Amino acid sequence: MDKAVSEASKSAVKVRPERFATGVGVLMATLGSAVGLGNIWKFPYLTGANGGAAFLIVYLLCTVLVGFPIMVAEQMIGRKGRADAVTSFKKISPKTLWWLVGASGVLAAFVIMAYYTEVAGWVFAYIAKSFQSGLMTTDATVTSAAFGQLVSNPWLSLVVQWIVLAVVGVIIVLGVTKGIEATTKKLLPVLALLLVVIGIRSLTLPGASAGLAFLFKPDFSKLTAQAIMVALGLAFFKLSIGMGAMLTYGSYYGEDQNIPANAARVVGADLAVSLLAGVAIFPAVFAFGFEPAAGAQLLFITIPTVFASMPFGQVFMVLFFVLTAFAAIGAMLSLVEVVVAFLVNRTKLNRTQATLVTVLAMALVGSMCALSNSSMADFKLFGMTMFDLFDYVSSNILLPVGGLLMAVFATWVWGWPNFKAALSNEGTLANEKLLKVVFNILRFVSPVLVLLILLTGLKIVNIG
Ligand code: PHE
């Protein structure tokens with residue numbers, strides 16, 4: 001941190017005190033936000049529930065045509081504004097209402113954390129469960145029962161969520177550079193490697209090929225407008241875009257950071273981790289007779305069966321859940337950071353106080369999601385439990401709408417000359433052709449796609 005600050009002051013740029021120290025640090029911290037439960041838990045379960053390969057293809061299109069360009073725009077806004085999501089918009093576009101996009105991001109951070117901390121809590125609990133031999137079985141009914149036992153216990157569900165929030169809070173108080181960079185840097189490659197090992201075992205199970213076919217042989221007849229909306233929402237969620245996390249991280253980027261190149265690497269690596277998770281899970285789903293559409297429990301009931309069928313399975317299982325917990329923490333750090341950065345800039349709270357307030361509020365809101373499978377299972381709005389509702393509203397509404405507005409802001413309001421100057425680092429990068437393509441996609445393609453998919457998915461407009 002000190003090195004970054006002194007270098008920055010040498011070049012006389014007015015900067016915020018915290019900076020990511022190195023280029024690799026930037027990549028890994030951003031990747032730490034992107035890679036998380038979205039890849040390991042959500043991607044497989046949504047792909048399973050929405051028919052497999054055809055869903056995957058739509059997801060890929062959403063990632064390329066919407067996800068990548070919006071990530072670039074969002075990081076650019078953050079680096080220009082050099083502040084939290086709300087303040088950045090206020091600085092770049094004073095006396096307008098664009099800061100509301102940042103405000104909706106702060107709201108989204110709460111909505112996402114409310115259920116994300118619960119799923120992370122399940123992961124923490126599974127670390128403990130992995131030490132007992134009871135989970136080491138290929139019997140689908142046993143692994144399903146073990147999951148059921150955990151989520152139907154209200155106190156346990158609350159306690160694991162509190163533990164998750166406490167861990168995240170402590171890391172945040174330690175500060176941006178030290179806390180985030182150090183944690184994420186080392187462990188993601190290990191997680192990817194472990195997924196390769198699990199994938200190999202899963203692929204060599206008898207009957208595994210049906211899982212591969214499910215994942216890679218598209219059947220477009222299964223695709224619904226609803227599924228397309230879910231694929232779009234997943235792209236936003238997995239890339240951490242549309243709610244200010246990438247904006248806040250962008251605000252810590254150095255002026256010499258190549259934003260489009262970094263974003264491309266993050267998108268590629270995030271996709272690779274998701275595919276690895278899919279290859280680890282789906283062959284086992286078919287080999288052991290699980291239902292691919294099992295929903296949010298898919299990861300937790302299937303993955304133990306793969307470990308039960310490999311040598312040193314129990315060791316690998318502990319390792320897997322520990323690494324997944326770290327990936328989840330990296331993502332949560334960026335979610336909480338959106339709120340903390342906002343509170344530090346706009347209230348009198350210092351960083352520690354802001355973190356404490358945020359974490360406590362999240363525990364309060366989150367308890368509704370923690371209890372969604374027990375005491376509050378019958379409490380539903382729009383036919384959904386609070387867990388499902390918070391998930392639905394954030395991924396399918398808040399993030400896409402936030403991202404849509406960021407795309408419109410970057411291209412229609414801020415405009416090409418500013419866009420080009422900011423993303424070529426004032427002309428030092430020779431990337432004008434690429435920027436032009438990204439700009440035009442952002443200007444014409446991404447907003448229209450998002451709008452169309454949302455309106456049909458939410459059944460506001462009916463096409464065909
Ligand atoms: N991208 C993270 C994941 O895949 C979740 C996330 C969403 C993080 C939005 C920050 C903002 O787990």
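These numbers were taken from a predicted model, which means no experiment stands behind them. As the structure lists them, so they are numbered: ligands from 1, and atoms in each ligand from 1. Both backbone and side-chain heavy atoms feed into the values below; hydrogens, waters and symmetry mates do not. If you read the sequence from its start, that first residue is 1, and numbering goes on from there.
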Any N or O of Met243 closer than 3.5 Å to N or O of ligand 1: no
Polar proximity ligand 1 side, Val35 side, N/O cut 3.5 Å exclusive: no
Identify, for [atom], the protein heavy atom at the shortest distance, and state residue, atom and that distance.
atom	answer
atom 8 (C) of ligand 1	Ser240 OG, 3.2 Å
atom 12 (O) of ligand 1	Tyr116 OH, 2.4 Å
atom 2 (C) of ligand 1	Ser33 O, 3.3 Å
atom 7 (C) of ligand 1	Phe237 O, 3.2 Å

Run the ring-centre check on Tyr126 versus Phe321 and record whether the distance is less than 6.0 Å. yes
When every non-hydrogen atom of Phe409 is compared with those of Ser93, the smallest separation belongs to CE1-CB, 3.7 Å
Indicate whether the side chain of Glu74 and that of Tyr249 have a donor and an acceptor atom separated by less than 3.5 Å. no
Verify whether one side chain among Lys42 and Ser395 offers a donor that lies under 3.5 Å from an acceptor in the other. yes
When you measure from the heavy atoms of Phe236 to every atom of ligand 1, does any distance fall below 4.0 Å? no
Please identify which atoms of ligand 1 are closer than 4.0 Å to at least one heavy atom of [X].
X	value
Ser334	8 (C), 10 (C)
Lys238	1 (N), 4 (O)
Leu335	8 (C), 9 (C), 10 (C), 11 (C)
Gly36	3 (C), 4 (O), 12 (O)

Taking the cut-offs as 6.0 angstrom to the six-membered ring centre and 45 degrees off its axis, would you call Lys222 and Phe55 a cation-pi pair? no
Parallel, tilted or perpendicular: ring planes of Phe147 versus Phe300, cut at 30 and 60 degrees: parallel
Can you say whether the rings of Tyr115 and Trp41 are parallel (under 30°), tilted (30 to 60°) or perpendicular (over 60°)? tilted
Side chain, backbone, both or neither: Met332 near ligand 1, heavy atoms under 4.0 Å: neither
Considering only heavy atoms, does Ala34 approach ligand 1 within less than 4.0 Å through its side chain, its backbone, both, or neither? backbone
Kindly indicate, with the supporting measurements, whether the criterion ring-ring contact (aromatic ring centres under 6.0 Å, His included) is fulfilled by Phe419 and Trp414. CA-CA 7 Å; Phe419 186 89; Trp414 219 47; 7.9 Å; no
Under 4.0 Å between a side-chain nitrogen and a carboxylate oxygen: does that hold for Glu255 and Arg82? yes
